[in-house]
Protein chains: 2
Amino acid sequence: MKKEIDNKLNLKNIKPTAMRQLVLQVLTEQKTAISLPELEQKFEKADKATLYRTLKTFQENKLIHSIEDGSGSLRYALCQDNCECDPEDLHVHFLCTNCNQTFCLKDIPVPTINLPSSFSLESVNMVVKGVCSNCKK
Amino acid sequence: MKKEIDNKLNLKNIKPTAMRQLVLQVLTEQKTAISLPELEQKFEKADKATLYRTLKTFQENKLIHSIEDGSGSLRYALCQDNCECDPEDLHVHFLCTNCNQTFCLKDIPVPTINLPSSFSLESVNMVVKGVCSNCKK
DNA sequence: AATAACTTTGCAACCCGGTTGCATGAACTT
DNA sequence: AAGTTCATGCAACCGGGTTGCAAAGTTATT
């Protein structure tokens, strides 16, 4: 619903332009994390750079998070409601080596790592690769 | 020592060409995981494609492992002696956001993840980002 | 309502890591 | 020595990501 989309944007202090509404729409319908090229394909005609910058603003305002998907490219997915993208907020991601989809394992938080005390922690990227349930059959 | 280098190669069934000896030499001296472009710079004149293929054979023969370093590119480091690159053999990597070096945290194994039973596990890429001890001072 | 100031969009171009095709060259086989 | 196989070097390409810049759209100011 249009209202909800605008709401989400407003909540994160993102001006609701047409483009942004559309992109958020797609991200909302999307069950798996999506890459920029994939997002591009969801539109008839859309400019890569604009989408790129849209994702960037979304990420800066913590509406979405990104992960390196384990195959060299970035994927994006909506954050949980009160996610601040701090290490505690992060979950594990799963890349299916067959269908190439990336799943957010939202209920598997990234395990805590005991870094040497001389290292400081900012974020964690954890991607598990394997075969997903759809492809295993 | 030349002998040791050749030994390592032979042990993994890799024909010890001049190029391979040189690359293994560099990897041995290297304390942190190195990227292909970085490796290129270690030589006066060397072909990217050759280095690329050298790394690839090294990896196929489990002499080195690779990780997505958290900034979109791949880095390579020598495997531990009896590493088979199975999930149990893997360790956590650390990317310093300041000096951009990637450290193998050899004594921190990748934590076990309880995947939904419908998912099968092949490998794990875990990169922690933060500031390393050298840069923290 | 008109102008100025700022933001977003679209296009083109670029960068860079990774990768492949192909021809030459080295090493091993008979 | 001829033939096969494998390694190397060069060039070219691909694709994801990123930037500069000018046009279009918004918002603020008078």
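Proteins get letters first, then strands, A, B, ... in listed order; numbering begins at 1 in each.
Looking at residues 94-105 of chain B, you'll see that no heavy atom sits under 4.0 Å from any atom of DNA chain D.
A donor-acceptor contact shorter than 3.5 Å is absent between the side chain of A:S35 and the backbone of A:L74. Within the 3.5 Å criterion, the main-chain N or O of B:L95 finds no donor-acceptor partner in the side chain of B:T102.
Under the 4.5 Å side-chain heavy-atom criterion for Ile, Leu, Val, Met, Phe, Trp and Tyr, A:V131 and A:V92 are members of distinct hydrophobic clusters. Hydrophobic clustering of Ile, Leu, Val, Met, Phe, Trp and Tyr side chains at less than 4.5 Å, counting indirect connections, keeps A:I108 apart from A:I67. There is a path of hydrophobic side-chain contacts, each under 4.5 Å, that joins B:L55 to B:L24.
Put simply, CG on B:N61 is 10 Å from P on D:dA7, counting in whole angstrom units. The distance between atom CG of A:L24 and atom P of C:dT8, rounded to the nearest whole Å, is 16 Å. We find that CG of B:L55 is positioned 15 Å from P of D:dA7, with the value rounded to whole Å. Between the CD1 atom of B:I34 and the P atom of C:dG18 there is a distance of 12 Å, given to the nearest Å. In this entry the distance linking CD of B:E44 with C1' of D:dG9 reads 17 Å, nearest Å. Atom pair B:Q59:CD and C:dG18:P shows a separation of 11 Å (rounding to whole Å applied). Between the CG atom of A:L51 and the P atom of C:dT8 there is a distance of 15 Å, rounded to whole Å. The distance between atom CD1 of A:I14 and atom C1' of C:dT8, rounded to the nearest whole Å, is 14 Å.
Within the structure, the salt bridge (charged side-chain N to carboxylate O under 4.0 Å, His left out) test picks out no pair touching residues 100-126 of chain B (sequence neighbours left out). Judged as a salt bridge (charged side-chain N to carboxylate O under 4.0 Å, His left out), the pairs with a partner in residues 67-89 of chain B (not counting sequence neighbours) are, in order, B:E38-B:R75, B:K62-B:E84, B:D69-B:R75.
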Report, one pair per line, the protein and nucleotides 10-20 of chain D atoms (nitrogen or oxygen only) whose separation is under 3.5 Å.
| from | atom 1 | to | atom 2 | distance (Å) |
| --- | --- | --- | --- | --- |
| D:dG17 | OP1 | A:L74 | N | 2.8 |
| D:dG17 | N7 | A:K48 | NZ | 3.1 |
| D:dG17 | O6 | A:K48 | NZ | 2.7 |
| D:dT18 | OP2 | A:Y52 | OH | 2.8 |
| D:dT18 | O5' | A:Y52 | OH | 2.7 |
| D:dG20 | O6 | A:R53 | NH2 | 3.1 |

Identify each atom pair where a protein N or O and an N or O of nucleotides 5-7 of chain C are less than 3.5 Å apart, giving names and distance.
| from | atom 1 | to | atom 2 | distance (Å) |
| --- | --- | --- | --- | --- |
| C:dT7 | O3' | A:K15 | NZ | 3.4 |

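A side-chain donor-acceptor contact under 3.5 Å links A:Q30 and A:T32. Side-chain contact, B:E29 with B:Q25: a donor N or O sits under 3.5 Å from an acceptor N or O.
Judged as a side-chain contact (heavy atoms from CB on, under 4.5 Å), and not counting sequence neighbours, the contacts of B:L121 are A:V128, B:P87, B:L115, B:V124.
B:H93 and B:H65 have tilted rings, their planes meeting at an angle from 30° to 60° on a 0 to 90° scale.
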